[in-house]
Amino acid sequence: MGSPEQYTCIEIRGINSITSSIYPLIIVDGVTTFTGSGGDAIGNNPLSDINPNDIETVEILKDASATAIYGSRAANGVLIITTKKGKRGAVKVDYGIWFSLSEAYNLPKLLDASQYVSIKNEARVNAGLSPGFVLGTNPDGSTTQTNWYDIAYQNAISQNHNLSISGATERTNYFLGLNYTNQNGILRTSNFKRKGIRLNLEHQVNSLITIGTNAAYNNSLNSGPNSGATGPNSITSSSGNSANSQYIGLQPLGRLTYILPPNVNVYNTDGSYNINSSNGNIGYGPNSSALGVFNAYNLQTILDLDKNTSENNTFIGSVYAEVSLLKNLKFKTLYGLNNLIVENNTFRNPFSGDGFATNGSAANSVTKYKRSNWTNTLIYTASVAEDHNFKVLLGHELITTKIDGWGATRTGLSDPFFTSYQGGWTTITPSSNIQTENAILSYFSNFNYDYKKRYLLSFNYRRDGLSALAANNKWGNFGGGSVGWNVSEEDFFKKSSLSKSLNALKLRFSYGVVGNSSLDDYASLIKYGSGTYAGTPTLNFTQAGNSNLKWESSKKLDYGLEFSLFDSRINVVADYYKNTIDGLILGAPQAASQGIPGNSIIANVGSLYNKGFEFAVNAHIISQNDFKWNVDFNISTLQNKVTSLGDGGDIYPTALSTFGIQNVTRVGYSVGSIFAVPVAGVNPANGNRIYINKNNEQVQYDAVAKNFYYLDGSIAPRIDNYTDGRIQGPSLPTYYGGLNNNFSYKGFDLTVGFTFSGGNKLYNGTRSTISDQRYFNNGTFILDRWTTPGQITDVPKLVWGDSFTGGFSSSNAAYVEKGDYLKLKNVSLGYRVDLPKDGIGRYISSARIYAQASNLFTITSYTGSDPEISINGNSINSGKDQNVPANARTYTLGLNLSF
């Protein structure tokens, strides 16, 4: 995206909730981390405070048995991150540095000033109005031509540094890491800085006791403009049904680059900003003021005068001790902390932009997120007659989360000299206040058995108690099991001719029940909100409680097959999975006469499922002395279907329905399916767009008369986005995967990585924006508009003021496109320098230089900037691309040294 700190979208085997969080559980060295966005006007992803260079392994748990041990927290899968430890041998010092250049990738092509003036005047004439757009002239006699992309975007230079010191003795291992990164985004003023330190230390006190710690502190600062692309899920409120509303705002830069007129200048001739002083919007320039309000801001003022920062101070760490109680019995206790302090600051100038109406504004908020977990386990391992191997685990865990936040917004600058919250202001109001907490108390167990590594059994059981649920439903029971058969360990297999080519074969099956504990901290309770009325303190009814509210539960089923061919030169893993989710928490409609807020009570009334196949191949194609070629290929399929929504009916972002409904969750379809009114092209006789209503009747919209007609000219009912809209296809890909080729020749290494995805639909909302026939600039495709009776085109007749045909106030299928793509995601070429041992090699043990490029090209029929863009991030309302910045293409040059 345009900003380096943008949201991370992580989904494992589909979407497993609707109103609860759909983020997977992420654990770093035994500590549960926060997910979501911590920023306000700009993105702030707390996962970016984890230094990638500190990571040793990332394990993804997705099948039933593996996730069941995490019980109520594992509905969306589990990511286990393990950081580095020191290894036996001499002290090792590693230093890595890289520099990168990022540029905007595949920006939509827009009209230049001459084309813009011609098109807009044509639209006005078609509406029966006089032309009002004029080509401007600069003082040097040249034509005014402003490319707002050039104003907003930049070629961004970034740098990153990592230094680590590690080693191990017989009884102690250690890893000390330092990191610094300074990443500039392709949007001007967008920047992410992080500096941090990590210490991992483990010491064997004696033959019975081992103690250790894994701890990291990072300070990060996100700064830049409101891009319009910040994910909708915050740390405090991570609902799967969240939707981004920034894309329709007047401030976000992504939208402004698309709509601002190219025939007006950034500055006036005297060097002042080109601003309409009566409303703070962009000035008319040479255009007629009779055109009405240009409801957009001069984005240069936003870049120069407005400020947005979001700063994190993050500690993720744990201390642990392991004691050998008996020969095969160990006790381990771990206490972990994830403390995150987020400070958000915004300033809006009084001259232009969102601060104009209030003579400037500034907001400051501080939120403290504190999570602790205390985990205790007993592990017993034993072998009987060397053939029967057992491992039994018993555990207890307590996780508590507390969130406290406060802030205020100030308006009315006393002097334009002030540019911060601490300046002089006339009014102040509270904002961003929050106080909440929750706890999960758990007891769990695990039993593993194998016979000669041939037959494998595993069983998990977990009992979780969650404070958010009512007293009689706080506790839930979760568990699962798996069986495996290593067929290749059987004597009959080893003696068969098949074993000569098939050297490993394993069958496995697992089933388990897990839950989703990421719901509102007081979901089951009756809630009241405080306020004032005419200066008198008040309480207002905000939520009807439900003492019967229970866990959302997910039943996970997995069949697996693993085999290796030709002495493990080809390794294959195949799975079939099905996750059935019951008890989805949704709003159950209630009679209006009951006086219940929102006329609904949250209850366990929904269900859905995800199912599909996963297939992965690792192949050593060539393995010679100097030359090696390895290939990794994977592909997954996904079928997601909603099977019940209770009595509530369809689910869609109601707050945004005025601007068209593009996502609908409906029984019998995939969650968040793309939704729009079907169209039948453009009427060649008059250039009107033709819609297909709920009765399968063709209806055309006359933008001049602002009315709807049948093709015979008779009056037709008005097209309604919801009533006449239809499911166009899933927003979730039905297949996706990747192909990585790894080559090495002597000191050289080359990696070429592709990703692909498809089977889904996208709503190209940006194309809708740049079709709008108000003052908005348009895409160059608009030049193919209808102008003459009998003309065949898919671009309707242009009529000034028409926002309906272009899809702003309704969603039509003209902007629904296939999301299939194949992308060259990454190419990396490295060289390991051969250092002379009698020279510099005495001081530097190894050196590698590399060059890397990402997001190089995409093969797709999608006409938008990038089929991977979605404004709603980790949400069921995916597949919508509207008014957000382009993705970046990045070139990197790096050096890794070891001493």
Side-chain angles (χ1 to χ4, degrees), residues 108 110-111 119 123 228 243-249 252 254-255 258-259 295-296 652-653 655-664 673-683 687-693 698-704 706-708 718-729 731 761-782 784-786 793-819 862-865 869-872 877 879-884:
L110 303 178
L111 301 178
I119 285 292
N244 181 349
S245 61
Q246 292 182 344
Y247 75 96
I248 55 173
R255 180 174 182 268
Y258 301 133
I259 70 173
N295 203 15
Y652 56 90
L656 300 173
S657 59
T658 303
F659 306 97
I661 302 167
Q662 293 93 26
N663 293 94
V664 163
S673 292
I674 297 298
F675 186 82
V677 178
V679 294
V682 173
N683 190 338
N688 295 334
R689 188 182 295 286
I690 301 173
Y691 299 85
I692 302 175
N693 67 15
Q698 292 192 346
V699 175
Q700 58 184 325
Y701 176 62
D702 186 337
V704 177
K706 294 182 172 56
N707 213 339
F708 295 84
R718 181 180 180 83
I719 290 292
D720 179 81
N721 190 183
Y722 179 69
T723 304
D724 296 306
R726 301 181 192 178
I727 299 289
Q728 301 295 317
S731 61
K761 294 294 180 69
L762 301 174
Y763 189 82
N764 191 345
T766 298
R767 191 177 179 91
S768 168
T769 296
I770 56 180
S771 298
D772 199 293
Q773 289 312 306
R774 289 172 284 180
Y775 62 89
F776 294 21
N777 198 0
N778 295 149
T780 54
F781 59 83
I782 213 78
D784 294 326
R785 78 283 184 198
W786 182 95
T793 178
D794 60 353
V795 181
K797 175 183 178 180
L798 307 181
V799 178
W800 174 254
D802 180 16
S803 63
F804 186 90
T805 303
F808 177 79
S809 54
S810 71
S811 302
N812 68 68
Y815 302 104
V816 176
E817 303 182 37
K818 291 182 178 180
Y862 181 61
T863 60
S865 174
I869 290 178
S870 175
I871 66 172
N872 288 324
N877 301 305
K880 182 176 178 180
D881 168 13
Q882 187 155 5
N883 300 345
V884 295

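Every heavy atom of this structure was used, including side-chain atoms; hydrogens, water molecules and symmetry mates were not.
Not counting sequence neighbours, the partners of Trp800 by the ring-ring contact (aromatic ring centres under 6.0 Å, His included) test are Phe133. Tyr258 meets the ring-ring contact (aromatic ring centres under 6.0 Å, His included) test with no other residue; sequence neighbours excluded. Scanning for side chain to side chain contact (heavy atoms under 4.5 Å, CB included) contacts around Ser811 gives Gln662, Ala676, Asn721, Tyr763, with sequence neighbours left out. Residues passing the side chain to side chain donor-acceptor pair (under 3.5 Å) test with Gln698: none are found, sequence neighbours excluded. By the side chain to side chain contact (heavy atoms under 4.5 Å, CB included) test, Asp720 is found to be paired with Tyr722, Thr723, Asp724, residues two or more places apart in sequence or in another chain being considered. With sequence neighbours excluded, the residues that form a side chain to side chain donor-acceptor pair (under 3.5 Å) with Thr805 are Asp802. Applying the ring-ring contact (aromatic ring centres under 6.0 Å, His included) criterion to Phe708, with sequence neighbours excluded, gives Tyr701, Phe804. Take Asp772 and apply the salt bridge (Lys or Arg N to Asp or Glu O under 4.0 Å) test, not counting sequence neighbours, and it matches Arg774. For Ser768, there are no side chain to side chain donor-acceptor pair (under 3.5 Å) partners, not counting sequence neighbours. Under the side chain to side chain contact (heavy atoms under 4.5 Å, CB included) criterion, Asn688 pairs with Asn686, Gln700, Asp702, sequence neighbours left out. By the side chain to side chain donor-acceptor pair (under 3.5 Å) test, Arg726 pairs with Asn696, sequence neighbours left out.
Checked by atom type and distance alone, the side chain of Thr766 pairs as donor or acceptor with a backbone atom of Asn883 at under 3.5 Å. Using a distance-only test at 3.5 Å, with no hydrogens or angles considered, no donor-acceptor pair links the side chain of Ser803 to the main chain of Ser809. Remark: side-chain polar atoms of Asn778 are paired, donor with acceptor, to backbone N or O of Ile770 under 3.5 angstrom.
One distance of note links CD of Gln773 with CZ of Phe808; it measures 14.0 Å at 0.5 Å rounding. Remark: Arg718 CZ to Tyr691 OH distance equals 10.0 Å, nearest 0.5 Å. Separation of atoms CD (Gln728) and CG (Leu762) is listed at 12.5 Å; rounding is to 0.5 Å. Atom CG in Asn764 sits 8.5 Å away from atom CD in Gln882 (nearest 0.5 Å). Atom-to-atom distance recorded for Glu817:CD and Asp881:CG is 9.0 Å, nearest 0.5 angstrom. Remark: Ile661 CD1 to Ile674 CD1 distance equals 12.5 Å, nearest 0.5 Å.
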Determine, stepwise, if the pair Ile727 / Phe675 fulfils side-chain contact (heavy atoms from CB on, under 4.5 Å).
CA-CA 5 Å; Ile727 299 289; Phe675 186 82; 4.1 Å; yes
Run the side-chain contact (heavy atoms from CB on, under 4.5 Å) check on Tyr775 and Ile259 step by step: do they pass?
CA-CA 7 Å; Tyr775 62 89; Ile259 70 173; 3.8 Å; yes
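The minimum heavy-atom distance linking Gly806 with Ser771 is given by the pair CA-CB, 4.2 Å. Across all non-hydrogen atoms, the minimal contact from Lys761 to Gly729 is CG-CA, 3.9 Å.
Within the 4.5 Å cutoff, the side chain of Val682 has no heavy atoms near those of the Val795 side chain. Put simply, the side chain of Lys797 does not reach to within 4.5 Å of the side chain of Arg785, judged on heavy atoms.
For the side-chain contact (heavy atoms from CB on, under 4.5 Å) criterion with Pro678, the lone passing option out of Asn693, Ile692, Asn812, Val816 is Ile692.
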